[in-house]
Structure formats: C-alpha cells, structure tokens
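Throughout, numbering of the chain's residues begins at 1 and tracks the sequence.
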Amino acid sequence: MRVLDWSTLDESGRRAALARPGRGARSGVERLARDVIAQVRQQGDAALRLLTRRFDGVDLEEFAVAPAEFASARSALS
C-alpha cells in the first residue's frame with residue numbers, strides 16, 4: 001500500500017494521486033476479485049479467515065459483531 005500525504009503533494013502529484021488506474025491494473029483487480037469469490041465459494045469461512053489475514057492483517061475468531069461492539073462503535077461517533 002502506498003501512503004500519500006496530500007498536504008505535501010504539488011498540483012501534478014495530486015492529479016496523479018487521483019488518476020484512475022490504467023486498464024491493465026483494473027484487469028488485475030478483476031482477476032483478484034474473481035479468485036477471492038471462487039476461494040470463498042469453495043472454502044467458506046476458512047477462506048474468509050485467510051483472506052482477512054492476508055488483506056487486513058487481522059486474525060478473526062468470530063465474524064459476528066457482538067452488541068457491545070456495535071454500542072462501542074456507535075458511542076465513538078460524533
């Protein structure tokens with residue numbers, strides 16, 4: 001992942017940051033999405049756990065969100 005500090009970018013850098021990826025990049029994303037969907041269809045929750053670890057760096061024990069977690073998140077909102 002590439003992190004950009006918007007306040008340090010010049011006009012050209014900001015334009016480049018907002019530019020859509022080229023067609024080649026999109027086809028890679030589409031292929032990855034198809035692979036993810038196929039993996040989840042074949043392996044179910046096990047695939048979701050692996051993919052969450054891979055993409056988010058998180059090991060989930062449960063997929064369900066407890067009422068207390070919702071309440072905590074809700075109270076953190078302005």
field: Common cluster, Val58/Phe55, ILVMFWY with side-chain heavy-atom separation under 4.5 Å
entry: yes
Nearest heavy-atom neighbours spanning Leu32 and Arg54: CD1-NH2, 3.9 Å
field: Joint cluster assignment, Leu60 & Val65, ILVMFWY side-chain distance < 4.5 Å
entry: no
statement: Shortest non-hydrogen pair, Glu69 vs Ala64, comes out as OE1-O, 4.1 Å
message: Show the nearest heavy-atom pair for residues Ala47 and Val40, with the distance to one decimal.
response: CB-CA, 3.8 Å
query: Donor-acceptor pair, Arg49 side chain versus Glu61 backbone, under 3.5 Å?
result: yes
query: Which heavy atom in Gly13 sits nearest to a heavy atom in Asp10, and how many Å separate them?
result: N-OD1, 2.7 Å
query: Of all heavy-atom pairs between Ser75 and Ser72, which one has the smallest distance, and what is that distance?
result: OG-O, 2.9 Å
Phe63 CZ: over 12 foreign heavy atoms closer than 6.0 Å: yes
- prompt: If you look at every heavy atom in Leu50 and Gln43, which pair is closest and at what distance?
  reply: CD1-OE1, 4.3 Å
query: Nearest 0.5 Å, what's the CZ-OG1 distance between Arg14 and Thr8?
result: 8.5 Å
